[in-house]
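One structure is given here, and the rest of the page talks about it.
Proteins come first, then strands; the chains are lettered A, B, ... in the order of their sequence lines, and each starts at number 1.
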Amino acid sequence: GQQVMQIPQYQHVQEGEDFTTYCNSSTTLSNIQWYKQRPGGHPVFLIQLVKSGEVKKQKRLTFQFGEAKKNSSLHITATQTTDVGTYFCAGPDAGGTSYGKLTFGQGTILTVHP
Amino acid sequence: AAGVIQSPRHLIKEKRETATLKCYPIPRHDTVYWYQQGPGQDPQFLISFYEKMQSDKGSIPDRFSAQQFSDYHSELNMSSLELGDSALYFCASEGAGSGTQYFGPGTRLLVL
């Protein structure tokens, strides 16, 4: 079945430093989604990327979808303590359709030291 | 905006007992997904429903069953609970094949 790998598993940064997490799928994805989960919380939808090579920005967050639609990255500029949490990428595993059950990456746990 | 509602938020059960988890999707969302998340793990897909019919099945034990009702809420029934069933159970809802899933706050199940 589809596998989604995510690195690094952990990232510790000082407040103000940048942070990047990378996601790689074993199969071509129709879209990729990013979620943030705070400790003790639930996954919160951040963004969905659909087009090959797509780049989207949300304030200090920049999301990229690879040209082959098999990899993606999330970059946070100048991290803040509020960025703490686990960042998951996820792709639909429904035979190439754009919806369906999500296969999640293992997540990257981000800690930010003030 | 209305979000996904799950109840109960916390549940403590003994081994071999049964549990029922409820999920109320975002209004006008027709698809519900159930995920199980163990400590330090990523969410694992269990089962999904579209328009009250089961649409997909993942790694859900035979001891578990689920359904979606006419008002689109869904229930996950878990029987013969085992210690290993202790986890966070999330319900996510999706509207009209949008591909975007919105997660509920989860039910934290502890089996003793």
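Contacts between Phe104(A) and chain B at a heavy-atom distance below 4.5 Å involve backbone atoms as well as side-chain atoms. Contacts of Tyr35(B) with chain A are made by side-chain atoms alone, with heavy-atom separations under 4.5 Å and no backbone atom involved. For Gln6(A), no part lies near chain B; criterion is any non-hydrogen pair under 4.5 Å.
Nearest approach of Gln41(B) to Phe88(A), heavy atoms of both residues: O-CZ, 4.1 Å. The heavy-atom pair separating Phe45(B) from Leu102(A) by the smallest distance is CB-O, 4.4 Å.
Counted within 6.0 Å of OH on Tyr10(A), heavy atoms from surrounding residues, nucleotides or ligands total 12 or fewer; the atom is thus considered open. No more than 12 heavy atoms of other residues, nucleotides or ligands sit less than 6.0 Å from atom OH of Tyr22(A). Counting heavy-atom neighbours within 6.0 Å of Gln3(A) CD, excluding the residue itself, gives a total of 12 or less. For Asp62(B), the CG atom is loosely surrounded, since the number of other residues' heavy atoms within 6.0 Å does not exceed 12.
When Ala92(B), Pro105(B), Pro43(B) are compared by the number of non-hydrogen pairs under 4.5 Å with chain A, Pro43(B) comes out ahead. The most heavy-atom pairs under 4.5 Å with chain A, out of Gly104(B), Ser48(B), Gly58(B), come from Gly104(B).
Judged purely by atom type and a 3.5 angstrom limit, Tyr35(A) has no side-chain atom pairing as donor or acceptor with the backbone of Tyr102(B). Panel note: side chain Gln101(B), backbone Gly100(A); a donor-acceptor pair is recorded below 3.5 Å.
Rounding to the nearest 0.5 Å places NZ of Lys57(B) at 12.0 Å from NZ of Lys101(A). Here the NE2 atom belonging to His42(A) is positioned 9.0 Å from the CZ atom belonging to Phe103(B), to the nearest 0.5 angstrom.
Under the 4.5 Å side-chain heavy-atom criterion for ILVMFWY residues, a single connected hydrophobic cluster contains both Leu46(A) and Val84(A).
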